[in-house]
> 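Just passing along the structure, written as structure tokens.
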Amino acid sequence: DAKTTQPTSMDCAEGRAANLPCNHSTISGNEYVYWYRQIHSQGPQYIIHGLKNNETNEMASLIITEDRKSSTLILPHATLRDTAVYYCIVTNSGGSNYKLTFGKGTLLTVNP
Amino acid sequence: KAGVTQTPRYLIKTRGQQVTLSCSPISGHRSVSWYQQTPGQGLQFLFEYFSETQRNKGNFPGRFSGRQFSNSRSEMNVSTLELGDSALYLCASSLGGTGTGELFFGEGSRLTVL
């Protein structure tokens, strides 16, 4: 799986959009970008994933650059409950994609 | 629909003992994977089971083992516990099979080894 690089921490004001970047310059053609988050003392929660097109669901939007070397997770209206560690993971779509490699992630703190 | 259930949530053991943790996946999910989370190493993949067969294994010693039953429930066992085994053990389930799919994690079992 390709390695990812994320900032260690970010702050965001409540109600504003939170934009979390992720670099994955060694991503290969069959690898997807996944985002998970982990709220303190809970198990990680799936947010969204994409291959090359931008994706949106009820939780967030995922913007992937045209060269696929980086992506941005957007939480459109951050709330205090969005304070968590956000993990960007790149993994292939083969039968072994259930072995996820989690990095250190980004600690997002949403401030009132 | 019920989520992933892990038991016990908390437990304390002493060095040299063994421990068994249980995971009940979401109904219909056939893949169960296990992760260890510690402050120093973060989240690390232990192993994954699909249809009662271990399909993937991480870089952990043989003291860590697991199994999956015909109803997809899974257990993991750690023998001869060491202080460094103190961690949050997370189970995740997925539909399984080939192709992509998100993982659904349980709340974890927090193991403390004294």
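Order of the sequence lines sets the chain letters (A, B, ...), proteins ahead of strands, with each chain counted from 1.
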> Do Y35(B) and L111(B) belong to the same hydrophobic cluster, where Ile, Leu, Val, Met, Phe, Trp and Tyr are linked whenever their side-chain heavy atoms lie under 4.5 Å apart, directly or via other members?
no

> Do L43(B) and Y87(A) have side-chain heavy atoms sitting under 4.5 Å apart?
yes

> Could you have a look at Q44(B), Q37(B), K57(B) and say which one has the most heavy-atom pairs with chain A under 4.5 angstrom?
Q37(B)

> Please report the interatomic distance OH(Y36(A)) to CD(E102(B)), rounded to the nearest 0.5 Å.
6.5 Å

> Tell me whether W34(B) shares a hydrophobic cluster with L11(B), the cluster being built from Ile, Leu, Val, Met, Phe, Trp, Tyr side chains joined at under 4.5 Å.
yes

> Spell out the residues in residues 9-19 of chain A that have some non-hydrogen atom less than 4.5 Å away from a non-hydrogen atom of chain B, in order of number; otherwise answer 'none'.
none

> For F105(B) and Y46(A), what are the C-alpha separation, side-chain angles and deciding distance, and is it a ring-ring contact (aromatic ring centres under 6.0 Å, His included)?
CA-CA 8 Å; F105(B) 283 84; Y46(A) 165 82; over 10 Å; no

> Check whether M59(A) and L108(A) end up in the same hydrophobic cluster, where Ile, Leu, Val, Met, Phe, Trp and Tyr are linked by side-chain heavy atoms less than 4.5 Å apart.
yes

> Quick check for you: to the nearest 0.5 Å, what is the distance between L103(B) atom CG and Q45(A) atom CD?
13.0 Å

> Quick one: pull up CD in E107(B) and OG in S41(A) and give me the separation to the nearest 0.5 Å.
9.5 Å

> May I ask whether L46(B) and Y49(B) are part of the same hydrophobic cluster, defined by side-chain heavy atoms of I, L, V, M, F, W, Y residues being less than 4.5 angstrom apart, directly or through others?
yes

> Does atom CZ of R15(B) have more than 12 heavy-atom neighbours from other groups under 6.0 Å away?
no

> Check the surroundings of atom CG in N71(B): do more than 12 heavy atoms from other residues, nucleotides or ligands lie under 6.0 Å from it?
yes

> Determine, stepwise, if the pair Q42(A) / L90(B) fulfils side-chain contact (heavy atoms from CB on, under 4.5 Å).
CA-CA 9 Å; Q42(A) 296 182 20; L90(B) 291 157; over 6 Å; no

> Answer yes if M76(B) and F45(B) sit in the same cluster of Ile, Leu, Val, Met, Phe, Trp and Tyr residues linked by side chain heavy atoms under 4.5 Å apart, and no otherwise.
no

